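The chains referred to below are lettered A, B, ... by the order of the sequence lines, with proteins before strands, and numbering in each begins at 1. Fair warning: this is a prediction, and the values are worked out from it, not measured in the lab.
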Amino acid sequence: MSPLLYGHHTDECIVAVHQLNDSLVRIYKRIEGKATHEDVEFFPFFFLADASLITGFPAFYWIKELAGQHDYKHLLVFKRWNEMWEGVNFVLNQYNKTRRPRAESYQDVDSLLFRPDPVYQYLMQSGKTSFKGMSFRDLNRVQIDIQVYSANQRLTDALKQQCRIVVISMSDNLRWKQQLDGRKLDEKEMLLQFIALIQAKDPDIIEGHEFFSFVLPYISQRCELLGLDLTLGRGQHALKTYQKRFYSEDEFTVYDCPGRHLIDTSHLVRTYDYSKRSLEGYDLNHLSAHFQVQQSVAIPKHRVTSVWDESPEILLQYSLGNARVIELVSERLSPSNFYLAQMCPFGYGTLAQLGSSARLESLVLREYLRQKHSIPRPQRGSQAVGGYTDIFSTGVLENVLQADGESLYPSIMISKPVKPRTDTLDVFVPLLRELTSLRLKAKSNMKRAKSARSRSHFDAMQSAFKILINSFYGYLGYSRGLFNDYQQADVVTSTGQTILRSILKEIELFNAFPIEVDTDGIFFIAPDNIRGEKNTEAFVERVSKTLPAGINLVLEGRYKKMLSYKMKNYALLDESDNLIIRGSSLISRSMERFSRLFVQRCIECLLTDDIPRLHHTYASFTTLVRNHQWEAADFCRTETVREDLETYTRLVEHGQRNVSAAYEAARKAGLYFKAGERISYYVTGTHQEVKIADNCRIADEWDSNLPDENTAYYFGRLNESAEKFREFFEPEDFKIIFSLDDLFGFSPKGIRILTKKVTREKAEGAKESEENEEFGIWLGENE
DNA sequence: GGACTCCGTATACC
DNA sequence: ACGGGTATACGGAGTCC
C-alpha cells in the first residue's frame, strides 16, 4: 500500500477521531462490529513564513527549520491545543505591529499556514487515515427525517412556541427503523427518546437531508428551548456547533458530533449533479424519482402542516419513506467518499464537504510534512490558455462517431511530464501515476467481479481514484492552491490543443469529415469505406497510433444521427434511438418547461426527418399557449436568488443592484426568502414587450380559472425557440413550417434540411507551423 | 425613441 | 469553502443617431 497515497501508518479499522482535550485525541475503531477506543497524545502545529513573528512567545513550543527554499519554512509544534491558539494569536498581534492593513483574524495573516481542525492535524502528523481494511458496508449509518408543524416550514419558526417537531423517523443501513409520533409523545419526550436511540444504536454516521441547513439547526434550537442537552456524540458528548466565517462575509454554522460523522445528502446530491446535471430539483421528492426509490407519497413542504392536521398517518408514512430515500441516496453517493477517506487525512464528514483541490493538496502536504520540507505560497496570476473548441459543420448528419483523448489532461501531465515548479520533492507526478495505475486495476477488477456487491465496491474505488486524478489539472490553475502554477496549467491546455489539432489533421488526411471538437474529443463522420463496429474501431486506433506515447484516442460513441447547432450545442440519436441533447441553448434549465419540450420535439422531428410532424408540433404548441392549456409549472421560470430579501431591497435602494424579476415577484407576493432559495415566477401583462420585473408573479399565485399569464409574451417565447431552427432550412421553407397559415394544407414537398459548412474568418495559417514544431520537440523528448 | 452595443449573470460543455 | 477555460442566452443600461 503506497504511503504517499494512504499515509505512512497502517493502522486499520479507524472509524472516527475526535479531540478529547487540549492534548489528547480519542480514536474509535470498529473491529468485528464492536466499537472500541483509545486515547493518544497529539501535537498541534502550524507553519510560519517569518520566524520573527513568534519570537518572545512565552509558552512552550518547538520550532523546526524546514528543508528547501519555500516561503513557509518553519514548523511550529505545541504540546497543547490552547497553547497553539495562543501562539496563533501571538503571531497575529506581532503581525499587526508592523503590517498594514491590519489582519482581523489569523486567516488574513499570509505568513501563517494553519488549519484549525484537530482531526486533520492528528491524521496529518500520524499518517493514519480512516477505514483502512474496511468496506463501506462495515459502517453503521443511521438516517434521520423530521417533520415540523408550523405555518410555512421555516427555520426561523424553530424558536416559536406554537411550532414543534411532530415526527422523527429513523432508519439504518440494516433495515432497522423507528418512529417517534407527536400524537403520542410531547416534543421533549420525543427528543429524549431520539437521543437515547442514537446512543443505543451507536452509529458511526448520522445522515439527513438538508441536515446542516434545516434538520440539525431545528433540532438543536428546539432542544435549547426545552432545556435539553443534545448528546448525540460518542461517550455522551454533546453535539457541538460553532460559527465559521470564510473569506466571504456570510457566516454559517458547523456541526461536530464527537466520535461520529454527519452527512448531509443534499450536499452529496449537489456535488453529484454538478457533473451529471440530470436533476430537476434537490428535494427528497425529486430524489426518490431520480434514484427510483419507492416512496408512497410526495408532500410538498407547504402542505406538511395541513397533512398533519388532516391525516397524520400519511405524514408518518411519508417521513419514514424519506429516511429510506436518504439511506439509498447515501448508499449510491457515499462510497467514493469512503474510499477517499482511506487516503486523505480528513475526518469522513469533513472530507464529504471539501472540494477536490483540498483533497489532493492534503496528500501532498502530508508528504511534505513527513519529509520536513518547506511549503510554497500560492502564486498570483491567471491562466492564459484553455481548451480548443471549434465547429466545422451545422445541420443533421448521419453515421457520426465520437472519439476522445483518453483522460487527456492527466495523460499529458504524466507523459510530458507536467508538475508545479514548486514541487521540489517530486510528489505530484508519482502520485498521479500511482492513482492511474490503481484506477486501471480497480476497473479491471470491476469487470471481473461476479456479484453486484463486488462490482459496486470496485466501481466506488475507481471513482475515488478518478476524482483525485481529475483534480490535478484544475489544481494547477487554482488561485488558492499552495502549489498552483499557471504556466504549467497553460502547458497542459496548449499541449491538449496541439494534440486535438493533430487528431483533426489526421482524420482529415484519412478523408473523414469533422463536425465539432471540444477540449479532448471530436465528433466526425468516418470515410465512406469505413463502416461497421470493427472498421471504425480500427480507424480510431490507426489515428491513435499517430499520437505521442502515452496519449490514446478511443472511440467513445457511435450515433445514427447528429444535429449540430453551435459550439457545445448538439443532439445525438444513438443506435438504440435514445435522444441526447447537449448545450445551454437547447436544454437550459433557465428555459421554461414548454420551450424545452418544444425544442426537444423539434429535434426529434429533425433527427427522424419528419417535416410534417415538425410543422404539427409548432401548430399544437401554438394552440396550447393561446388557449392556456397548461399549468404554471409549464411556463414559469425558476431562478436561484443570491441574496435574501432584506439585502436585495437595500442594494436596490442604494442603486448597487438592478431589480430582478424573481425577487420582485416574491416581494410583491409578500414571500420572504433566503439566499440560495429557488423562486418560480411567470410573466403577466398583455404586450409581448413588457418590462418583466414590473410584470411578474409567483408561480403558485397562478389560477387556472383566471389565467393571467402574458399570452403574447409566451407566444413570442415559442417563436424565439423556433428561431433556433431557422438555419436548418431555406428561408421560405422555414416560413412555411413555423407558421399557422395552412389555408391550402401543409405539404413537406421540396423541403430539405440544410447542412452547412461553418466558415470563419480566423487566420490560422501562420500559427500552424510553430505548433507542429513544439509537437516535434516533445516527440523527441519521449523517444 | 428605436436600434445598437456592452456588460453582468446564468447555464452548460468538457 | 471554493479545480479550470470556453461558449451561448438574455435582460438591462447606456449610447448613438
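- Residue A:S356 is in sugar-phosphate contact alone, with no base atom involved, counting any heavy-atom pair closer than 4.0 Å across all strands shown.
- Between the CD1 atom of A:I414 and the OG atom of A:S407 there is a distance of 8.5 Å, given to the nearest 0.5 Å.
- Atoms CZ (A:R115) and C1' (C:dA1) sit 9 Å apart, rounded to a whole Å.
- The CG atom of A:L500 sits 14 Å away from the C1' atom of C:dG5 (whole-angstrom rounding).
- Distance CZ (A:R270) to P (C:dA1): 15 Å, rounded to an integer number of Å.
- Taking atom CZ on A:F346 and atom C1' on C:dA1, their separation rounds to 11 Å, with Å as the unit.
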Contacts table for residues 113-120 of chain A: side-chain donor-acceptor under 3.5 angstrom, sequence neighbours left out:
{"unit_1": "A:D117", "atom_1": "OD1", "unit_2": "A:V119", "atom_2": "N", "d": "3.0"}
{"unit_1": "A:D117", "atom_1": "OD1", "unit_2": "A:Y120", "atom_2": "N", "d": "3.2"}

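- Cation-pi geometry between A:R377 and A:Y72 is satisfied (NZ or CZ under 6.0 Å from the ring centre, within 45° of the ring normal).
- At a threshold of 4.5 Å between non-hydrogen side-chain atoms, the residues A:L351 and A:R359 count as touching.
- In this entry the distance linking CD of A:E689 with P of B:dG2 reads 10 Å, nearest Å.
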Given protein heavy atoms under 4.0 Å, the one-letter contact record of nucleotides 11-17 of chain C, with B base, S sugar-phosphate only and - none, is simply SSS----
Per-nucleotide protein contact along nucleotides 9-14 of chain B, 5' to 3', at a 4.0 Å heavy-atom cut-off (B base, S sugar-phosphate only, - neither), is -SBSBS
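- Residue A:Y242 contributes atom OH, which lies 9 Å from atom P of C:dA1 at whole-angstrom precision.
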For A:Y565 and A:E516: C-alpha separation, side-chain torsions, deciding distance, then whether side chain to side chain donor-acceptor pair (under 3.5 Å) applies. CA-CA 10 Å; A:Y565 178 50; A:E516 143 155 7; over 6 Å; no
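- Note: CG (A:L468) to P (C:dG3) measures 12 Å, nearest angstrom.
- No engagement by A:L408 is indicated, since no non-hydrogen atom pair under 4.0 Å with the nucleic acid exists.
- Among the atoms of the strands shown, only primed sugar atoms or phosphate atoms (P, OP1, OP2) are found under 4.0 Å from some heavy atom of A:A358.
- When Watson-Crick and G-U wobble pairs are counted only if both distances are under 3.5 Å, B:dT9 pairs with C:dA9.
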* Test A:E592 against A:R717 for salt bridge (Lys or Arg N to Asp or Glu O under 4.0 Å), laying out the working first. => CA-CA 9 Å; A:E592 306 86 352; A:R717 291 288 298 159; 2.8 Å; yes
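- In this structure, A:R667 is not positioned above the aromatic face of A:Y648 in the sense of NZ or CZ being under 6.0 Å from the six-membered ring centre and within 45° of the axis.
- The residue from A:V429, A:L476, A:V491 that alone fulfils the side chain to side chain contact (heavy atoms under 4.5 Å, CB included) condition with A:M413 is A:L476.
- When heavy atoms are screened at a 4.0 angstrom cut-off, A:Y565 is found touching the sugar-phosphate backbone but no base atom.
- Heavy-atom neighbours of A:E646 CD from other residues, nucleotides or ligands within 6.0 Å: above the threshold of 12.
- Atom P of nucleotide C:dA9 and atom CZ of A:R726 are separated by 15 Å, given to the nearest angstrom.
- The partner of C:dA1 cannot be assigned: no Watson-Crick or G-U wobble pair with both contacts below 3.5 Å exists in any strand.
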